Structures are given as structure tokens and as C-alpha cells.
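Following: one structure in C-alpha cells, then a few remarks.
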Protein chains: 2
Amino acid sequence: MGATKTDHFTDKQNEIATLAKALGHPARIAIMEYLLKVDTCICGDIVNELPLAQPTVSQHLKELKNAGLIKGDIEGNKICYCIDEKVLNKLQAYFGNIATKLEKKKTDCC
Amino acid sequence: MGATKTDHFTDKQNEIATLAKALGHPARIAIMEYLLKVDTCICGDIVNELPLAQPTVSQHLKELKNAGLIKGDIEGNKICYCIDEKVLNKLQAYFGNIATKLEKKKTDCC
DNA sequence: ATATAATATTGCAATATTACGATAAATTAT
DNA sequence: ATAATTTATCGTAATATTGCAATATTATAT
């Protein structure tokens, strides 16, 4: 095997899992944090910010883009990447909801 | 290669990535949601809730536990699993912080 | 003591991920 | 036109993940 059985789970579960998986690598967390830090999103220097080779960074960017976490537009011979606010709000809402439910649930047995 | 270069990133980045990675599978999202749904955390029927074989579920539970997302205590011949509220608050805080920063940053260029 | 029940571990095959050198493609500068 | 710059893609090796059958472990019930 090795392939995830996505068809046995709900769309929402698969969606959250896909987003989480995309963030499941420190390089991709670092990319997100860098995109958040720089004020403009015309950023052609992500490679220099990371301790990884250019093809590796390009691949990580592609994964973040595939998951919908970032958007990228061609800007001359550079590429303008930035975080998709909508998707991040979705993640915030998801974890916020869980945290709230956990707080209400006072049965702290473990 | 194939191994993540964790030593090149900050502890915080690695920590968030580890948590996200653990949640990066629909079965593990489903497990978290089930643990959230049931009121008591003495739950010996996680396997029946999932469309996966028992060893597979056990492995997913182990990964969630390794990441620190859930706690498990032996309760007779069953196991009492439940979500670690602290860790989930950490995730909520992390994504909440990003979402807030994105909102303030009005340079929506992409 | 033996059987039953619940969970974990082992071993393994199929597949996915990570990383990077080499190379390609596209744009800008000279 | 040619060179330099930036990003993407291809190919490939090393490693990790996913899933499950078989088996082990541990606790309860008979």
C-alpha cells in the first residue's frame, strides 16, 4: 500500500488533512512565516532565506500552492507569492472551534 | 535523501510542522474529531469508527500520541485516549496569530 | 487455568516524500 | 543577439508513510 484511503473520509476531513499535510514540513512553515514577515508580496528571494537548494524550495512552494495555501503570480522574471488569507482563516476557524469545544468539555479525565 | 533537514530550522518551526504533519492524514483528523465528539474519553471503540484495519488505526493513534496531540492511559484492557488541550491551544494560537497578522496587512497584491 | 477481548508490534509490499544535480524555460540586461 | 537571472521540471537516490495480515501482549471473564 502506501496510498491514503481518502475516499473513506469526508470532504472536510480530507481538506483539513491536505492543508495540515502541506504545513507538515519545517521548510514550508518557514516559507509561510517569511511570506508573512515581508510586507510586500513581490518576493523573489525565498531561496536565499532557506537552507535548501533552489529545486527543493521550488518543490515546497509548489506543494503549498497545490494545497491552496499560497498564491503565485508571474511578475517579470520573478514570481510573486503570497499567503491565501481565506485558507488560513479556514484553518484558524477549524482549530478555534476544536479549542472552544475542548474548553467547554470539562471531563478532563486523562 | 528523503530525510527532512530539521536541524536547519527553528524549534518552533519544527514543532508546528510536527503537529501539522501528525494531522496531515484524514484518518487522524477523523480520530481527533471522534475524540472531540464523545463526551467521555474512555473510548475503546475507535477502531469501529474508522474504515481501516485495527493495526492501521493503532499506528495512527501512536503517531498522534508521539506528536503530543493525544494522551492515552491504560484503563483495564481498554485504553482511554483523549485530546491534549494544551497542544491544541498552541495550534489555535499559531493560526490565530497568522490570521490576525494577515488581516492587518492590507497589501493584498495577489 | 483457559478463553475472550482489546490493543500493540512485527514484517512487508506499495507508494509517497525529500533533496538535489542537471537542465529547461522565460524574462531582463548588455 | 547574447549573457545573466530567476524559477520550473526531470531524473534519481535515500528515506518515510500507509495499510494490513499475522502475531504478541495484556487484562478480564468463565
Side-chain angles (χ1 to χ4, degrees), chain A residues 1-9 13-14 17-31 34-35 41-67 70-82 110, chain B residues 1-9 13-14 17-31 34-35 38 40-67 70-82 110:
Chain A
M1 303 287 151
T4 299
K5 287 186 155 185
T6 51
D7 47 322
H8 290 91
F9 301 97
Q13 286 169 340
N14 281 311
T18 299
L19 293 176
K21 189 175 186 178
L23 292 172
H25 192 291
R28 296 196 286 270
I29 292 291
I31 289 171
Y34 181 66
L35 287 178
C41 66
I42 296 144
C43 25
D45 46 353
I46 299 180
V47 174
N48 305 320
E49 288 291 319
L50 294 176
L52 295 168
Q54 180 269 324
T56 310
V57 174
S58 186
Q59 199 172 281
H60 282 307
L61 285 165
K62 194 178 171 185
E63 276 173 72
L64 286 171
K65 204 176 172 186
N66 282 346
I70 62 175
K71 295 176 285 185
D73 276 330
I74 294 164
E75 191 94 8
N77 66 342
K78 295 196 171 183
I79 280 217
C80 157
Y81 276 118
C82 62
C110 293
Chain B
M1 304 288 150
T4 299
K5 289 185 156 184
T6 51
D7 48 320
H8 291 90
F9 300 98
Q13 285 169 341
N14 280 311
T18 299
L19 293 176
K21 189 175 185 178
L23 293 172
H25 192 290
R28 296 194 289 266
I29 290 291
I31 289 172
Y34 180 66
L35 287 177
V38 295
T40 167
C41 67
I42 297 143
C43 26
D45 47 354
I46 299 179
V47 173
N48 304 321
E49 288 291 318
L50 293 175
L52 295 167
Q54 180 268 324
T56 310
V57 174
S58 186
Q59 197 173 283
H60 282 308
L61 285 166
K62 194 178 172 185
E63 277 173 71
L64 286 172
K65 204 176 174 188
N66 282 345
I70 63 175
K71 295 177 286 187
D73 276 330
I74 294 163
E75 191 94 11
N77 67 343
K78 295 197 173 185
I79 279 219
C80 156
Y81 275 119
C82 62
C110 294

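Sequence lines set the chain letters: A, B, ... in the order given, protein chains first and strands last, and positions in each chain run from 1. On a predicted model such as this, the values are computed, not experimentally measured, just so you know.
A/I70 and A/L35 get closest at one heavy-atom pair: CG2-CD1, 3.7 Å.
If you take CG of B/N66 and P of D/dT18, they are 13 Å apart, rounded to a whole angstrom. Rounded to an integer number of Å, the gap from CG of A/N48 to C1' of D/dT7 is 13 Å. As a whole-Å value, the separation of B/F9 CZ from C/dA19 P is 7 Å. Regarding B/I46, its CD1 atom lies at a distance of 11 Å from the C1' atom of C/dT7, rounded to whole Å.
The aromatic rings of B/H25 and B/H60 lie tilted to each other, with the angle between the two planes from 30° to 60°.
Of the side-chain N and O atoms in B/Y81, none sit less than 4.0 angstrom from OP1 or OP2 of C/dA6.
Within residues 17-31 of chain A, the residues having any heavy atom closer than 4.0 Å to DNA chain C are, in order of number, A/K21, A/H25, A/R28. Listed by residue number, B/Q54, B/P55, B/S58 are the residues of residues 49-61 of chain B with a heavy-atom contact under 4.0 Å to DNA chain C.
Not one N or O on the side chain of B/S58 forms a donor-acceptor pair closer than 3.5 Å with the backbone of B/Q54.
Atoms CG and CG, on A/L64 and A/L19 in that order, are 10.5 Å from each other to the nearest 0.5 Å. To the nearest 0.5 Å, the span separating NZ on A/K5 from CG on B/L50 amounts to 11.0 Å. For the atom pair NZ of B/K21 and NZ of A/K21, the computed distance is 10.0 Å after rounding to the nearest 0.5 Å. In this structure, B/H8 NE2 and B/T6 OG1 are separated by 9.0 Å, a value rounded to the nearest 0.5 Å. Between B/L61 atom CG and B/Y81 atom OH the span is 5.0 Å, to the nearest 0.5 Å.
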